[in-house]
Every structure is written in C-alpha cells, then in structure tokens.
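Here the structure is laid out as structure tokens; the discussion comes afterwards.
Predicted model only: the values in this text are computed from it and were never measured.
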Amino acid sequence: MLWRGSQALRHFSTGRVYFKNKLKLALIGQSLFGQEVYSHLLKEGHRVVGVFTVPDKDGKADPLALAAEKDGTPVFKFPRWRVKGKTIQEVAEAYRSVGAELNVLPFCTQYIPMDVIESPKHGSIIYHPSLLPRHRGASAINWTLIMGDKKAGFSVFWADDGLDTGPILLQRSCDVKPNDTVDEIYNRFLFPEGIKAMGDGTAKTNNYMVEAVQLIADGKAPRTPQPEEGATYEGIQKKENAEISWDQPAEVLHNWIRGHDKVPGAWAEINGQMVTFYGSSLLTGSVPAGEPLDIRGAGKPGLVTKNGLVLFGNDGKALMVRNLQFEDGKMIPASQYFSSGETSVVELTAEELKVAETIKRSFFRKVVLFAQVIWARILSNVPVIEDSTDFFKSGASSMDVARLVEEIRQKCGGLQLQNEDVYMATKFGDFIQKVVRRLRGEDQEEELVVDYVSKEVNEMTVKIPYQCFINGQFVDAEDGETYATINPADGTTICNVSYASLADVDKAVAAAKDAFENGEWGRMNARDRGRLMYRLADLMEENQEELATIEALDSGAVYTLALKTHIGMSVQTFRYFAGWCDKIQGSTIPINQARPNYNLTFTKKEPLGACAIIIPWNYPLMMLAWKSAACLAAGNTLVLKPAQVTPLTALKFAELTVKAGFPKGVINIIPGSGGVAGQRLSQHPNIRKLGFTGSTSVGKQIMKSCAVSNLKKVSLELGGKSPLIIFSDCDLDKAVRMGMGAVFFNKGENCIAAGRLFVEEAIHDEFVTRVVEEIKKMKIGDPLDRSTDHGPQNHKAHLEKLLQYCEAGVKEGATLVYGGRQVQRPGTRMLSACEAEEDLDHLQLRFQMVARHHGFFMEPTVFTGVEDHMYLAKEESFGPIMVISKFQNGDIDGVLQRANNTEYGLASGVFTRDIHKAMYVSDKLDAGTVFINTYNKTDVAAPFGGVKQSGFGKDLGEEALNEYLKVKTVTLEY
C-alpha cells in the first residue's frame, strides 16, 4: 500500500526545518544507515536519549556509535538483549533509564524483546527494505531480485510480536531495472530515499524515517494492517544455499546471480573450485566470440569473452557476468579467466611516490565523522598498514569500499576508481599499483582508431575501413595516395582506399618480422594461439551479415551466396585450423646406433617466420581465410595483399583481428597493386614464404622473384581449364543442374569452374536444350536482392575480357547458343532471346557497348561445337561461359585424352552411373581434384590444389599446414 502523510513544516532562513512536536527517541540498530537516521533526527529537533548498538568488532566501533559518542549521546553496546528467551534485566533497566517515548529501529540485526518493543508510549517503528507483506525476513532485497520483482521499495511499520508483520506506517516504491544488483537498488533508492528523500523539493533535509517519526509526534501516523494475500517469507541467504541451479531460463539465472551480489554471492563449481559470480546482466544482442568454459551442472559451456563470461539458460538465451571470485578471495575480471594473472610491477616516479605516501600517511590519521574513511580508519584494528595488508581479511566489508573510493578521489586529484578495482586489488601494495596505473592511464585498453566509410545499405549500416592495416593500426599510405574501389552493380565508387607504397610494404614486413621474433605471438602457447583463432572465427560469424554485404558491394557476389560461401566457409576455415594449432608435431625416428653410446633422433615442425599472402578478387574473404588460417595456425605472422579491386572485406577482417585480441604485427593488410606491393613482397629478403592465388603468368613471375631474392618457399594456386565429362548413362537432371553450377557458380568467377564440358553424343542436344531452358529462368540483377541468381562480373576490365572471349569464339566458328553480351542494369529492359538471336550478326557492336554507369552484368553464355584447336577450348574464361564439346558414344579413352590435353590441372569432373567407369576416369584425369557426380564440393578438411601449370602446394586440410612449416631434425647421443 502506498501512502504518504502531510508534512507540517516551517521553513526558516537558515534552511533548518523545525517540527512543532518533538519526541524523545531511542535508536536501536547499527550501520551507516542508522548513523544517517540519527543525524537527521537530531537536525530536525528531536532528542535522541539513547543509542543501543552492537559491540565494537576488532576494536572498530559501529558508525552509529561513533556519531553518538561524538555528540555525547548515551551509547549502550549490548552483545544480546536476552538469554534463553528471557530479557536480560540489566539490559532492560539500562534501556528504561533513558525514558524514550518511541523506539526507532532503522537497521537492527539483534532480537529485541517484546517488553522493550512495547515499553515506550508510542511503541516502536522499524525500517524494512521491501514492500511488505512481500519478502518478510532478513534477506528482503536479495529476494526482491531473486524472484524477479518489477517493483522494489521499503516499508516503515509498527513492530509487533510477529516477524515483519506489524501495521504499515508508510511505504515507498521504485522500479527494478533489468540489471539492478542489491547494491545498486540500495544505493540508488533504498538508502537515499529512506534517508535523504527531498519531499516537496524545498525541505532538502527531510527523510522518510524522520517523516514517520513526525507523523507519530503529530498524532497522524496510520496503522494499516498488512494483508495476508501476497505475503511471503524467505530465510537468510547463505553461501551454502546460493549455488546456481542451471536448468532454468536465462532471466531466472540472472535474477539468482544479481540477487546474491555481493553477499553471499551466487556460485558454481569450475574445475573443482567454488567460483562466485558478480556483475550479471542480460545479453540482449548476439553472443560475442569467446573461449568455452565447462561449468559443473550447466547444460552448455560458458564462453569467456572480451567483455566477460557468457552463460546460457535452458531457453537458449544468454547473460553475462563481469567478475569472478575464487575460494581464496581473489577477484578477477571474468574476461581474464584464461589469463595467467601475472602483471608487471610499476616503477614509481618521484611524483607517484609522493601520491602513494599521501595515501599511506592518511592511514594513520583520524578523520571526522562525515569525512570519507580510508584504510587506516576503516582498518583501525590494524596497527601498521603494510604492502601485504589485505583490505577485507583485515575486517573491511563491502560497505567500506565506497568510502575508500571516495577518499582516493579526493586525495589523488579526482582519480576515479571503481568498486571492482578494490575487489581486484585487496592488498595495499596491489592497491597502490592500481592507483598509479590508473593515474598513468596504463590500465586502459588502447582503442583501435578506425576512420570508417559508412553506408546505409541492405537494411543496415556498414562501416568500412579503407586504410592500410600495419602493426595493429589503420594508417594512410605513406605518400597519401589512394584509389577508387568500384561497385560492379552500378559502376559507382564505394570509397577511396589507401594505395600501399614500397615504404608501406617494408613497414608491414618489419612489423610481421618483429612480432614473430620478439613479440608475444612468437612466445605464445599453441593452445592460446588456437583460442585467438576461435575468437576470430566467432567474430566473423557474429558480423557475417556486414561482411557479406561488403563482399556483395565490392565483388558483385550475390548476397545469399556471399553469406553461405564467401563468409560461411571463411568462418569454417578459421575454426578448422584453430583446432590444428596444438596438434602440430614431429616424430621420433630410430637410427643406427654406435655402441656403446645410444642415439635419439626426432623431428620438430616449426613456423617459417614472416609470410606474404597475395589473393585474387573472386572470393576476397574466403581466399584470405584459406591461406592465412593455415599460416597463423602454424605460428607464422603475415603480410597480406588483397586484390586491388576487392580490398574491403580484408580490411574489415583486420578490424576483427584486433577485437579478437591478436597482438600487433601478427596480421598486416596492405591494399594496392600487384606491380608495386605484390612485387615487393615477392622480392623482400625478410619474407620466408609466399602463398599466391591468381593467374599462371603472374605466378611464374612471383616464383622467379622469390627464387632470385632469397629462395623463399612458395605455394601457387594458378589458372585452370577444368574438364567435366558427362556420359550418356548419367542422371541427366543432376548433370544439367550441377553442370550449370560447375560453370555459372559465383558468376563463373571460380578457379575450379568447368572450363570445358565434354558431353557424350547421345545426350548432347538434349543437354544443351535443357541448359538453355534453365538459364532463361535465372534472374540477373542486384546482388543484394535475395531473389537474384546471377550478379555483376567483378570489374569492368574483366567484363570487357569476357566479351572479347565470346567474340573470339564466334570468329573461330563456335556456335553461340545463348548469351554472349552485356546486360543492361537491372530495372531497364533486357533484350529477349529472339532479339538476341536476330542480332548475332552485330555481336561486334554489342561487345563494345560496356556501359559506364549500368553495372558490369553479363548473360550466362553457352557455346557448342567447340573444337580442340579453338581458343575457347584452350584458354580459361573465368566467367559465366559454358564451353561444350561433343564426344563419340563409348569413346572413354578418347575423351580422356582430350580432357588431359591442357597445361592446366586444377580440377575435373565426371558424371556417370557406372562406378567402375567413374573410378577409371578419375584415375586417368590429370588434376588435383576430381569430382564424381557432383561439383564444387570443397571442404575445409580436404586438401585443395593443382598440378602442371595450375601450380603446386595445397590449401585446406592438414596438407596446407605443411606449406607454412619447416622440419628440423634433432639427433642426440647419450
């Protein structure tokens, strides 16, 4: 029941408020709250004739006793009021001697006999921190939160012989915020409103306990019986019954934890130890990246993240706790659970020593009642404060923390500590270190400064970095040069990107070399390295929609494909190689032994050092992941040059590496040209390995530069002309569907795309007809449109090359069955198939019509009648162009000879229902990968790479690790 009586107040110019009627009061209780009530009652003209409080603890008097003794008010410190159910007579006599007219119990932990309660003329009133009749008992605030109440508050009630059952005098309520703790409700409302509430805005010294007393003095105090409906009683919460029961929704778990924060503390068993959780909050957004932590009884492991420990309810929702406390009393940020906890000792300057001495001197000073008390005053039972003095073990309580924080703020030039700082530095020596670090600003995390280009697109705001990423920072190119990266969907500029110079390359390599040789990365435990990679994978997944949107903008990839493949497989790749970090091992080798001595020989696999990675533009993020994940898992550092035309997801990736916690210099991203940045990397003497994906011609130049410079290790994934053989005994529906995917997947910009289809004569015509029918159903358009099947080609020069490729095919006599032209920007009219066929004589004109502002869209194209000597049969298009050749029925060896008659050998495929034929063909095809009755089915665990002029070395799978490792043989004699 909410009720508030009128206030009979007279205001004087002094600001003091005097009441018409005054009472003689006995204050029974303790704590800072009791001391504040005492002070306000005196200020408002009432007479406190006696204070009855608890005995001194460890030589330290209660705040209420201190205040009363200072004023000369009689103070009685009884350890108890009764024995075996009977009132102690000398205690009762001492109480009656003061002649109180009203007992005021602001906060009292002792049991007061009923003859004392009923002795005064007006009886006794008690402050209770709940909205009675709910939560009767000593842990009322705790249970308000534990039960998930939406309202909290306090009651002032008339004492009777029941437990918090007396009639209500007044009540006040407040809303419970979603993440309130016991301390927060107490400090925000229960304490200030109970003690210092501002009434009508002018009586600033008024408070509700004083108001209640005055209502009694004026004869206006109500006695509203408590209803039995809604009444609850809960016992005192103790540590042993505060263990978390995990099979509950996240909100219930959150309420349990915050309801026990800070006393007695909700806990769970982790690694055989009781760990107490503090600072719970409901997680409303996506779950951040983190390292799994097993908790006994929990249905799902927690996640140690950069911001804290994420816990999961049985409803799939999550909460986060900020701090953890171990059995020995040590408290740490939950984010540091897996850290060693070791910190360097700060060397104090002369000025900082002076600050420390100022703090230390204050430990020996007595302070007045209302001054904030620091260590010596709080720990008055400790004769000498030493570095080893523990704040809490010496008798301080959570109530003393705020005093300490305030005193430091006053003594140290406004330095603002948090309560958690005291809990995490409980020894005086550690506390001084914390103060000095905070003064220096050393304990603040260095924030990554990113100058984004922001765009409202795809129903979100994408924030795109555009500078070089060198040694953990985004920086402009040294000469300030930039270039435009273009949106292939409309030909407009997305943003201007830093154009790395030779000096920028050298800086990036130096950063990578230093990080490997002298930095934290080179000393890091392999398992910790894996944790960072897992965190990075989680962050990539958490930001997958933004990454896919940037990929669609920059490369023209259809958004749905970018989400699943470009980004999805990148996440899978980092998770796969994160698991390899602590499984890289050598072997023990038996060798001939020269008696009488014995020999032991073993091998070690070690990282190479600073590596360079140069990637293409067709799968910007996925190609980054394929190479860099293996490189990092092996323990190397890297400098990566993205394709000049698609740098943006690589730069966004760089931002995520910082959030994941990668040390500076481990990963460096330098956008720019292959002729400048790429060539410098291949020649650089401090690069020990270079991984490249791109054209065969550039790969040859890179290999030469790597050999001439310092004979660095090289792996190359180069061009392809992958044959796909379709036999007449195949599942034709599947062959048509997957044959189209083999060519048109990702707009044909696919290194393993089927560059030439060999279709058996018996099904050739039907196959072509059905392919064309399916092409006509494809929607060409905006890559961000979820219904789009086919987006724009990656950049203008590539579109022009594809149109020239089609022109060459027509000139040589191949039959253009469909397509072969640029498409107007979606939203304008496209030529019909009939119009296209009528205009075949004018292909030359259309090939030259590359619009500057209509996007780089090209129709999926089909050529038939392609002979082995033709340009189309030999050269890779790297676009949506299906090149079909017919082969005679039953001529297996003949078609194999034609399929292998190429200098490339990246991938290949065969469709047939005859498993013996399939295996025979797969044995004979000269390629790094063979697909049987499928295509494009790559997996992070399966090695990928080519033969002949398609390159050497492997991406993905365990084999990829060997590209970034060296083997050392060790032999000892004993």
**Request:** Could you tell me whether Asp538 and Arg575 have a side-chain N and a carboxylate O separated by less than 4.0 Å?
**Result:**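 Yes, charged N to carboxylate O under 4.0 Å.
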
**Asked** So does Glu959 pair up with Lys954, basic N to acidic O under 4.0 Å?
**Response**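 Answer for the salt bridge query: no.
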
**Message:** Between Leu624 and Ile615, is the side-chain contact (heavy atoms from CB on, under 4.5 Å) condition met? List the steps.
**Reply:** CA-CA 6 Å; Leu624 176 154; Ile615 57 174; 3.8 Å; yes

Answer yes if the side chains of [X] and [Y] hold a donor-acceptor pair under 3.5 Å, and no otherwise.
{"X": "Asp554", "Y": "Thr485", "result": "yes"}
{"X": "Ser787", "Y": "Lys779", "result": "yes"}
{"X": "Lys627", "Y": "Thr693", "result": "yes"}
{"X": "Thr549", "Y": "Asn458", "result": "yes"}
{"X": "Asp514", "Y": "Asn518", "result": "yes"}
{"X": "His135", "Y": "Asn142", "result": "no"}
{"X": "Glu551", "Y": "Thr649", "result": "yes"}
{"X": "Ser245", "Y": "Glu243", "result": "no"}

Side chain proximity check, [X] to [Y], heavy atoms < 4.5 angstrom:
{"X": "Thr637", "Y": "Trp521", "answer": "yes"}
{"X": "Tyr964", "Y": "Pro607", "answer": "no"}
{"X": "Val310", "Y": "Pro288", "answer": "yes"}
{"X": "Ile270", "Y": "Asp294", "answer": "no"}
{"X": "Pro642", "Y": "Pro620", "answer": "no"}
{"X": "Lys150", "Y": "Asp175", "answer": "no"}
{"X": "Ile613", "Y": "Ser628", "answer": "yes"}
{"X": "Arg134", "Y": "Asp149", "answer": "yes"}

Can you see which heavy atom on [X] is nearest to which on [Y], and at what distance?
{"X": "Ala610", "Y": "Ala512", "value": "CB-CB, 4.0 Å"}
{"X": "Tyr559", "Y": "Ala548", "value": "CE1-CB, 3.6 Å"}
{"X": "Val304", "Y": "Ala334", "value": "CG1-O, 3.4 Å"}
{"X": "Ile494", "Y": "Val453", "value": "O-CG1, 4.2 Å"}
{"X": "Ile667", "Y": "Ile669", "value": "CG2-CD1, 4.1 Å"}
{"X": "Leu956", "Y": "Phe944", "value": "CD1-CB, 4.3 Å"}

**Message:** Test side-chain contact (heavy atoms from CB on, under 4.5 Å) on Phe469 and Thr657; report intermediate values, then the result.
**Reply:** CA-CA 11 Å; Phe469 182 73; Thr657 66; 4.1 Å; yes

Quick check: does any side chain N or O of [X] sit under 3.5 Å from a backbone N or O of [Y], one acting as donor and the other as acceptor?
{"X": "Asp785", "Y": "Asp782", "result": "no"}
{"X": "Asn314", "Y": "Asp247", "result": "yes"}
{"X": "Asn543", "Y": "Glu546", "result": "no"}
{"X": "Trp626", "Y": "Thr573", "result": "no"}
{"X": "Thr788", "Y": "His790", "result": "no"}
{"X": "Asn255", "Y": "Glu251", "result": "yes"}
{"X": "Arg258", "Y": "Leu253", "result": "no"}
{"X": "Lys652", "Y": "Lys463", "result": "yes"}
{"X": "Glu655", "Y": "Val450", "result": "no"}
{"X": "Asn323", "Y": "Tyr278", "result": "no"}

Could you check whether atom [atom1] of [X] has more than 12 heavy atoms from other residues, nucleotides or ligands sitting under 6.0 Å from it?
{"X": "Glu459", "atom1": "CD", "result": "no"}
{"X": "Asp939", "atom1": "CG", "result": "yes"}
{"X": "Lys583", "atom1": "NZ", "result": "yes"}

Output the distance between atom [atom1] ([X]) and atom [atom2] ([Y]), rounded to the nearest 0.5 Å.
{"X": "Leu283", "Y": "Ser281", "atom1": "CG", "atom2": "OG", "value": "7.0 Å"}
{"X": "Cys468", "Y": "Ile670", "atom1": "SG", "atom2": "CD1", "value": "7.5 Å"}
{"X": "His566", "Y": "Thr560", "atom1": "NE2", "atom2": "OG1", "value": "10.0 Å"}
{"X": "Met533", "Y": "Asp528", "atom1": "CE", "atom2": "CG", "value": "13.5 Å"}
{"X": "Ser555", "Y": "Met622", "atom1": "OG", "atom2": "CE", "value": "11.0 Å"}
{"X": "Ser335", "Y": "Leu303", "atom1": "OG", "atom2": "CG", "value": "13.5 Å"}

**Request:** Apply side chain to side chain donor-acceptor pair (under 3.5 Å) to Asn936 and Asn750, showing your working.
**Result:** CA-CA 9 Å; Asn936 285 327; Asn750 188 18; 3.0 Å; yes

**Asked** When the ring planes of Tyr576 and Trp580 are compared, do they come out parallel, tilted or perpendicular, using 30° and 60° as the limits?
**Response**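 Tyr576 vs Trp580 ring planes: perpendicular.
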
**Item:** Test side-chain hydrogen bond (donor to acceptor under 3.5 Å, both in side chains) applied to Thr276 and Gln325, Lys239, His260, the passing residue
**Value:**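 Exactly one candidate clears the test, Lys239.
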
**Request:** Examine Phe574 together with Phe653 and report whether their ring centres are nearer than 6.0 Å.
**Result:**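 Yes; Phe653 has its ring centre under 6.0 Å from that of Phe574.
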
**Request:** Apply side-chain contact (heavy atoms from CB on, under 4.5 Å) to Ile185 and Val176, showing your working.
**Result:** CA-CA 8 Å; Ile185 289 181; Val176 177; 4.2 Å; yes

**Prompt:** Going through the distances and angles, do Ser498 and Gln467 end up as a side chain to side chain donor-acceptor pair (under 3.5 Å)?
**Reply:** CA-CA 5 Å; Ser498 293; Gln467 298 166 292; 5.6 Å; no

**Prompt:** After noting the C-alpha distance and the side-chain angles of Tyr337 and Asn271, does the key distance pass the side chain to side chain donor-acceptor pair (under 3.5 Å) rule?
**Reply:** CA-CA 12 Å; Tyr337 181 85; Asn271 293 327; 2.9 Å; yes

**Message:** What verdict does the side-chain contact (heavy atoms from CB on, under 4.5 Å) test give for Leu638 and Asn668, after you've listed the backbone C-alpha separation in whole Å, the side-chain angles of each residue and the deciding distance to 0.1 Å?
**Reply:** CA-CA 6 Å; Leu638 63 88; Asn668 304 272; 6.0 Å; no

**Ring-face cation contact, Phe338 with Arg531, 6.0 Å cut, 45° max** =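 Judged by the rule, Arg531 and Phe338 form a cation-pi pair.
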
